[in-house]
Asker: 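Sharing a structure, written as structure tokens. Questions coming.
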Amino acid sequence: MISASEQLDAIKQGVVDLIPEDSLRQKLEKAVVTGKPLVVKQGFDPTAPDIHLGHSVGLRKLRQFQDLGHQVVFLIGDFTGLIGDPSGRSDMRKRMTREELLANADTYTEQAFKILQRERTTVECNSRWLGKMRFGEVLELAATQTIARLLERDDFARRYKDNRPISLLEFLYPLAQGYDSVVLKADVEVGATEQKFNLLMAREIQRSYGQDPQVILTLPILEGTDGVEKMSKSMGNYIGITEPAAEIFGKTMSIPDSLIAKYFALVSSKTPIEVQRVVERLAEPDTNPSHLKRELALDLVTQFYDDEAARGAEAHFDRIHVRHDVPESIVEVRLAGSADGLWLIKALTDSGMCDTSSEARRMVKQGGVTVDGDKVIDIELRLQKKKDPYTVKVGKRKFVAIVVE
RNA sequence: GGGGAGGUUCCCGAGCGGUCAAAGGGAACAGACUGUAAAUCUGUCGGCGAUGCCUUCGGAGGUUCGAAUCCUCCCCUCCCCA
């Protein structure tokens, strides 16, 4: 294990808050002396089945702790997920069922190991202790905090002021999260900046339970591909780390230019110095941002797959979006046609290219449908029976080979 | 328990008896442009083999030739009082 101050320098990279820094230094020094690794915790509520780049910001920090020799607790909030984290929310959440959460939790952990090392990871589910608490124990926990204290939280305060509902359940969320830290005897908890309140409250709760409070470490929030909202499944602006290479590449290319530097800093494999160089290049007037985005996209695909996949994804991108060509391989669908062939609109819905016939009509009307390279303008077009498939393109990037038989 | 305000299409939000599949914005999608699935501009945006028909405005009934709009009951949210 390297010296405490070297570790501290490494850990501080990219963090927004580190509270209190002295305490972390002491904990690290103690770890170096005793050889006992720190327990570093981050919780993830399995509200969606996929881990995306937004999660990876925290996971990468956890990985860094592991590389320094510490123990990570990957905490699955299968119980807190039932409550729904109110952090950063302006409305009450729709509650999820236990079944949904458990199904998601399954895929979650495996995906997390794309970033974390297994040997130094403990996977825990907070239902193990939260699910067993007796009411008396809950009361004891609740007694540690006050309503005024909870209302200090910006999102609660705002909602309260705007006469928007806050359920009592949501008030309990920070308490539950804090109790996790008590049970796990966490030395450090990592979270996004919006978690600051919850993380700090955990310190108070640990103190109430006679523990040395954890150090809290917050990281910037990663905006999604829309460039505005926090990356999340529900906003549909996420890049999943297990998505196909071409998707990761393409979605990365779709982020607004303004986010390039941030992505490099938070989720690329580049060192801080290399990131700095990217920032400088962005500032140069003759730099085309798309070139930098390409580098970013290649870097990301390489991280989650390999070089070869990255080059393949880039080639695919050039083919479809730069040369407006047809992809290397297209899914083939066989559809039955009658004597006078198969109505194109029907073919589009039956092949799954369009969800509804209204949508299919719209696509054709807007000039978004191409058959064998020719733009279709006739909504009544019929595809005659033919041995060879028709190459059908819908929109910018949906292709299908349709055989009418 | 009493009094008041409100629940509208994916989201926000107008509409307050026919001209409403429902303004406007956002998201999404399509087209143009582009060294980007960026930015910008234009358009589309419930469903159905469709110049018409069907389903939607918290839920269930009712009034009316006709209801998102009026009435009754119920469910949910917010505010004030207790």
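Just so you know, these numbers come straight off a predicted model, no measurement behind them. Chain identifiers are assigned alphabetically (A, B, ...) following the order of the sequence lines, protein sequences preceding nucleic acid strands; residue numbering begins at 1 within each chain.
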Asker: Under a 4.0 Å threshold between the charged nitrogen and the carboxylate oxygen, would A:R158 count as salt-bridged to A:D154?
Answerer: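 Yes, charged N to carboxylate O under 4.0 Å.
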
Asker: Would you mind telling me which of B:rU44, B:rU36, B:rG49 lies closest to the side-chain atoms of A:R361?
Answerer: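 Looking only at side-chain atoms, A:R361 lies closest to B:rG49.
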
Asker: Pairing check on B:rG24: which nucleotide meets the Watson-Crick or G-U wobble criteria with it, both distances under 3.5 Å?
Answerer: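 B:rG24 is paired with B:rC12.
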
Asker: Nearest of B:rU77, B:rG49, B:rC79 to any side-chain atom of A:E380?
Answerer: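 Out of B:rU77, B:rG49, B:rC79, the nucleotide with an atom closest to A:E380's side chain is B:rG49.
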
Asker: If I take atom CD1 in residue A:I248 and atom P in nucleotide B:rU36, what distance separates them, rounded to the nearest angstrom?
Answerer: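 In whole Å, B:rU36 P lies 22 Å from A:I248 CD1.
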
Asker: Can we say A:D155 and A:R159 salt-bridge, meaning some charged N sits less than 4.0 Å from an Asp/Glu carboxylate O?
Answerer: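 So A:D155 does not pair with A:R159 through a salt bridge.
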
Asker: Please give the distance between the P atoms of B:rA23 and B:rC10 as a whole number of Å.
Answerer: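 Per the computed distance, 14 Å lies between those P atoms.
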
Asker: If you assign A:G395 and A:F249 each to the RNA chain B nucleotide with the nearest heavy atom, which residue ends up on the more 5' nucleotide?
Answerer: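 Comparing both residues, the 5'-ward one is A:G395.
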
Asker: Salt bridge check, A:D318 against A:R294: does any charged N sit closer than 4.0 Å to a carboxylate O?
Answerer: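 Result for this pair is yes, salt bridge flagged.
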
Asker: Classify the side chain of A:Q366 and the base of B:rG31 as holding, or not holding, a donor-acceptor pair under 3.5 Å.
Answerer: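 Checked by distance alone, the answer is no.
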
Asker: Between A:V369 and A:I320, name the one whose nearest nucleotide on RNA chain B is closer to the 5' end.
Answerer: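 Its nucleotide being nearer the 5' end, the pick is A:V369.
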
Asker: Tell which nucleotide pairs with B:rA50, taking only Watson-Crick or G-U wobble pairs whose two distances are both under 3.5 angstrom.
Answerer: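 Check on B:rA50: unpaired, no WC or wobble geometry under 3.5 Å.
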
Asker: Which base, if any, makes a Watson-Crick or G-U wobble pair with B:rU64, both distances under 3.5 Å?
Answerer: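 Its partner is none (no Watson-Crick or G-U wobble pair with both distances under 3.5 Å).
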
Asker: Counting only Watson-Crick pairs (N1-N3 plus N6-O4 or O6-N4) and G-U wobbles (N1-O2, O6-N3), all under 3.5 Å, who is the partner of B:rU19?
Answerer: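 Its partner: none found.
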
Asker: For the side chain of A:P256, starting at C-beta, report the closest nucleotide among B:rC29, B:rA38, B:rU34.
Answerer: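 Out of B:rC29, B:rA38, B:rU34, the nucleotide with an atom closest to A:P256's side chain is B:rA38.
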
Asker: Roughly how many Å apart are B:rU64 and B:rC78, using the C1' atom of each and rounding to a whole number?
Answerer: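 The answer is 33 Å between these two C1' atoms.
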
Asker: Now, which nucleotide makes the Watson-Crick or G-U wobble pair with B:rC78, with each of the two distances under 3.5 Å?
Answerer: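 Answer to the pairing question: B:rG4, which forms a Watson-Crick or G-U pair with B:rC78.
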
Asker: When the C1' atoms of B:rU19 and B:rG66 are considered, how many whole Å apart are they?
Answerer: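 B:rU19 and B:rG66 have their C1' atoms separated by 13 Å.
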
Asker: By the ring-ring contact (aromatic ring centres under 6.0 Å, His included) test, which pairs, at least two apart or in different chains, include something from residues 137-176 of chain A?
Answerer: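 Sorted pair list: A:F156-A:F171.
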
Asker: Which nucleotide, if any, forms a Watson-Crick or G-U wobble pair with B:rA30, using both distances under 3.5 Å?
Answerer: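 Paired with B:rU42.
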
Asker: Select one nucleotide: of B:rG49, B:rU36, B:rU44, the one nearest the side-chain heavy atoms of A:R362.
Answerer: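 That would be B:rU44.
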
Asker: Counting only distance, no hydrogens or angles, is the base of B:rA38 paired donor-acceptor with the side chain of A:S258 under 3.5 Å?
Answerer: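 Such a pair does not exist between side chain and base.
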
Asker: For A:F264, enumerate each residue passing the ring-ring contact (aromatic ring centres under 6.0 Å, His included) test, keeping only those at least two apart in sequence or located in another chain.
Answerer: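 ring-ring contact (aromatic ring centres under 6.0 Å, His included) check on A:F264 returns nothing, list empty.
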
Asker: Over how many whole Å does the gap from A:E359 atom CD to B:rC48 atom C1' extend?
Answerer: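 Between C1' of B:rC48 and CD of A:E359: 14 Å.
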
Asker: Any side-chain heavy atom of A:D50 sitting closer than 4.5 Å to one from A:Y108?
Answerer: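 No, too far: nothing below the 4.5 Å cut-off.
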
Asker: Answer yes or no: does a side-chain N or O of A:K396 lie under 4.0 Å from OP1 or OP2 of B:rG31?
Answerer: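 Checking B:rG31 against A:K396, a side-chain N or O does come within under 4.0 Å of OP1 or OP2.
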
Asker: Heavy atoms from C-beta onward define the side chain here; which of B:rA30, B:rG47, B:rC79 lies closest to that of A:N163?
Answerer: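 My answer, after comparing the listed nucleotides, is B:rC79.
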
